[in-house]
Amino acid sequence: MTAKTMKYWGCEYSDSGETCFRLWASGQQQVSLQLKGNALPMNPTDSGGFSLTVANVAPGSPYRFILSDGTAVPDPASRAQQGDVNGPSLVTDPKGYAWQHTGWQGRAWEESVIYELHIGTFTPEGTFRAATDKLRYLAELGITVIELMPVSQAGGKRGWGYDGVLLYAPHSAYGTPDELKAFVDTAHGLGLSVVLDIVLNHFGPEGNYLPRLAPDFFHPERMTPWGNGIAYDLDPVREYITDAPLFWLTEYHLDGLRFDAIDQIKDSADTHVLIEIAERIRREITDRPVHLTTEDSRNVVFLHPREEDGSAPLFTAEWNDDLHNAVHVMVTGETHAWHQDFAEHPEKWVARALTEGFAYQGERSPQTCERRGVDSRDQPPVAFVDFIQNHDQVGNRAQGDRLITLVGEARTRVLLAALLLSPHIPLLFMGEEYGETQPFLFFTDFHGELARAVREGRAREFADHDETVPDPNAPETFQRSKLDWDKLNQPAGQHWLHFTQQLLRLRQQAIVPLLATARGGTGKVLKTAPGCVVVSWTFPQGTLSLALNTSDRRETLPFLAGETLFAWPEARTELLPDTLIVRFAQGETTR
């Protein structure tokens, strides 16, 4: 299955030998196609578009568009680049890759253990091909879902990926489209799903020629924290945005998408662009489950309705930043920036997030003085993706500190175990499974005035922290962020890895069977104290209880019925410092 032919955008290769080139350039009077050393005038179409069909174009042929003033630009809907973001685009054959695992039918959402990774820093080589060689390791660890940070072509060779400008082209520094397909194909052969983080809310600062091609692509009155807002209500813009998710899912056989910062996607159309995207995906991809997750600081649920059988007709789950932030404040005591909202009694916010989903469900935020969130108690546990660290929460620190660096091994183990044995969907950040201590820093590859602006902006962001911020553009900032795989050859790394494997096996055996029928409204807070949280959830099969203590003092343990599934460091009748106990009581329960 492939996404439908676009009316306004892209290069459509045909086996018959004809290739159609389309471009929406409402800001240009004329456009030529640069191909095979020639500049071929394109034909104007309705609504500011241009098109041209050319015979005998081979896959791999470079091409560019020549604007009225002679400027050569890449295809905004490029499927591959010959080099960087400013260079020629390449004609691609969507049928050129021979898939090996065509019988792959995906995995159920409740089985998900997500592993977030950044292709450029996951391996020393920083390529799709090198990452493919690590997939067996992740499968044997017990991971079920690989989540790739954005891979769309962006400026420079190194960056997080959230400054992409060619939304349909894999970043050439990571490899070719076929090498990305081989990554996904290999993952499927090992029983791993692959989802992609996709950015539909803004474009990066380098290589974005859309303002010259079509100034009306951007809304004149909307801004995001990263630049001009997008005019989603215009047909050509809407096609470009709504086709991209379908393209990645179909062309690359992906199992899902994570939609970045959707609170910045403002749309005035009768049907919100995100709802249109989700409905279209559900309608057009029916041969496997597709998992769609969102990141949204508003704490809303209108995109995550549930059918009577518990299925998700639109988006599957929401990244639960509230839980992370509350946990972080509870164990570190940091209360700056977004952590202000959880400064008072953070353990109560942790307990609420575990049992009800969002911590803020309409309360006023101390940080913004505005109310945030809606009632999320009816959402099932699997509607929330939880984490104790991720690219944002680590990388947006001045020094890129991981949690283990901030609170030590013992406390981090307790939090990791709680994450993996809760009924929410857990997410690990690359290296977390073996106790990685390498930082994950903010890095870019900009030059000139743009590099200076990014460097100075980053320094201003942390001016009140009395910290020297690494230069985002320095190559060593990128190199320092790469995983240190040598740790796996050391006893400490092996010990961490075995600890994580034990937890993941237990999750699949004892927690996952509870989740397919799990519904909302079944969480209960049994106790909170500074650094201490005791909660439970009821399921048709019985009651799961979790007690953790991250304080430096002993806490009494409320009665928890049932068998002890896991205890760290050992089962006791009280909660010692840095302790976790998980129990399960079988039997019929009622909501």
Side-chain angles (χ1 to χ4, degrees), residues 2 5-97 151-157 164-181 203-204 206-215 217 236 240 243 247 251 445 447-448:
T2 58
T5 298
M6 299 174 77
K7 178 181 178 182
Y8 298 99
W9 306 94
C11 166
E12 182 186 2
Y13 173 79
S14 170
D15 292 337
S16 66
E18 290 190 334
T19 300
C20 182
F21 298 86
R22 297 183 180 90
L23 176 69
W24 187 57
S26 58
Q28 297 290 316
Q29 295 299 312
Q30 59 186 28
V31 176
S32 296
L33 172 69
Q34 186 182 71
L35 179 72
K36 300 179 181 179
N38 300 313
L40 309 174
M42 299 183 73
N43 303 313
T45 64
D46 295 339
S47 304
F50 295 85
S51 72
L52 185 67
T53 299
V54 183
N56 303 317
V57 180
S61 298
Y63 69 97
R64 289 195 285 189
F65 296 118
I66 309 298
L67 307 187
S68 304
D69 64 359
T71 302
V73 302
D75 184 352
S78 168
R79 268 49 171 177
Q81 288 295 102
Q82 187 177 58
D84 66 18
V85 72
N86 300 297
S89 303
L90 297 176
V91 175
T92 62
D93 179 1
K95 301 177 183 178
Y97 179 81
V151 300
S152 293
Q153 184 79 47
K157 292 186 176 181
V165 293
L166 302 182
L167 197 55
Y168 293 72
H171 194 47
S172 57
Y174 298 156
T176 66
D178 279 359
E179 287 169 341
L180 175 55
K181 290 175 182 178
F203 290 82
E206 182 185 348
N208 178 18
Y209 296 97
L210 285 167
R212 295 187 63 182
L213 292 169
F217 194 101
Y240 185 93
D243 265 45
F247 168 76
E251 179 79 6
D445 185 19
H447 304 278

What residues form a side chain to side chain contact (heavy atoms under 4.5 Å, CB included) with [X], not counting sequence neighbours?
X: A58; value: S61
X: T53; value: E18, C20
X: S78; value: D75, Q81, S89, L166, A169
X: E206; value: V85, N86, F446, L450

Keeping to residues at least two apart or across chains, list the salt bridge (charged side-chain N to carboxylate O under 4.0 Å, His left out) pairs with something in [range].
range: residues 23-32; value: none
range: residues 165-179; value: R129-E179
range: residues 22-41; value: E12-R22

Which heavy atom of [X] sits nearest a heavy atom of [Y], and at what distance?
X: V57; Y: Y13; result: O-CE1, 3.3 Å
X: P76; Y: L213; result: CG-CD1, 3.5 Å
X: A80; Y: P177; result: CB-CG, 3.7 Å
X: R79; Y: P170; result: O-CD, 3.3 Å
X: V165; Y: G207; result: CG2-O, 3.6 Å
X: G164; Y: A154; result: CA-CB, 3.8 Å

P59 vs T92 side-chain heavy atoms within contact, under 4.5 Å
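No, their side chains stay 4.5 Å or more apart.
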
Taking distance alone, no hydrogens or angles, what donor-acceptor pairs closer than 3.5 Å link side-chain atoms of residues 24-31 to residues at least two apart or in another chain?
residue : atom : partner : partner atom : Å
W24     : NE1  : S47     : O            : 2.5
S26     : OG   : D216    : OD1          : 2.6
S26     : OG   : D216    : OD2          : 3.4
Q28     : OE1  : S68     : N            : 3.0
Q28     : OE1  : S68     : OG           : 3.1
Q28     : NE2  : R212    : O            : 3.2

Interatomic spacing from [atom1] in [X] to [atom2] in [Y] - rounded to 0.5 Å:
X: Q34; Y: L40; atom1: CD; atom2: CG; answer: 9.5 Å
X: Y97; Y: T176; atom1: OH; atom2: OG1; answer: 10.0 Å
X: C11; Y: L52; atom1: SG; atom2: CG; answer: 11.0 Å
X: L180; Y: H171; atom1: CG; atom2: NE2; answer: 13.0 Å

Contacts of Y240 that satisfy side-chain hydrogen bond (donor to acceptor under 3.5 Å, both in side chains) - sequence neighbours left out:
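Counting only residues at least two positions away or on another chain, Y240 forms no side-chain hydrogen bond (donor to acceptor under 3.5 Å, both in side chains).
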
Take L33 and F65, measure what side chain to side chain contact (heavy atoms under 4.5 Å, CB included) needs, and give me the verdict at the end.
CA-CA 5 Å; L33 172 69; F65 296 118; 3.9 Å; yes

Qualifying residues under ring-ring contact (aromatic ring centres under 6.0 Å, His included), relative to F21, sequence neighbours excluded
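ring-ring contact (aromatic ring centres under 6.0 Å, His included) check on F21 returns Y63.
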
Using ring-ring contact (aromatic ring centres under 6.0 Å, His included) as the criterion, list what pairs up with Y209, not counting sequence neighbours.
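Residues passing ring-ring contact (aromatic ring centres under 6.0 Å, His included) with Y209: none at all.
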
According to salt bridge (charged side-chain N to carboxylate O under 4.0 Å, His left out), who are the partners of K95, at least two apart in sequence or on a separate chain?
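Residues passing salt bridge (charged side-chain N to carboxylate O under 4.0 Å, His left out) with K95: D15.
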
Does atom CG of D69 have more than 12 heavy-atom neighbours, drawn from other residues, nucleotides or ligands, at distances under 6.0 Å?
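Atom CG in D69 is crowded, with more than 12 foreign heavy atoms closer than 6.0 Å.
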
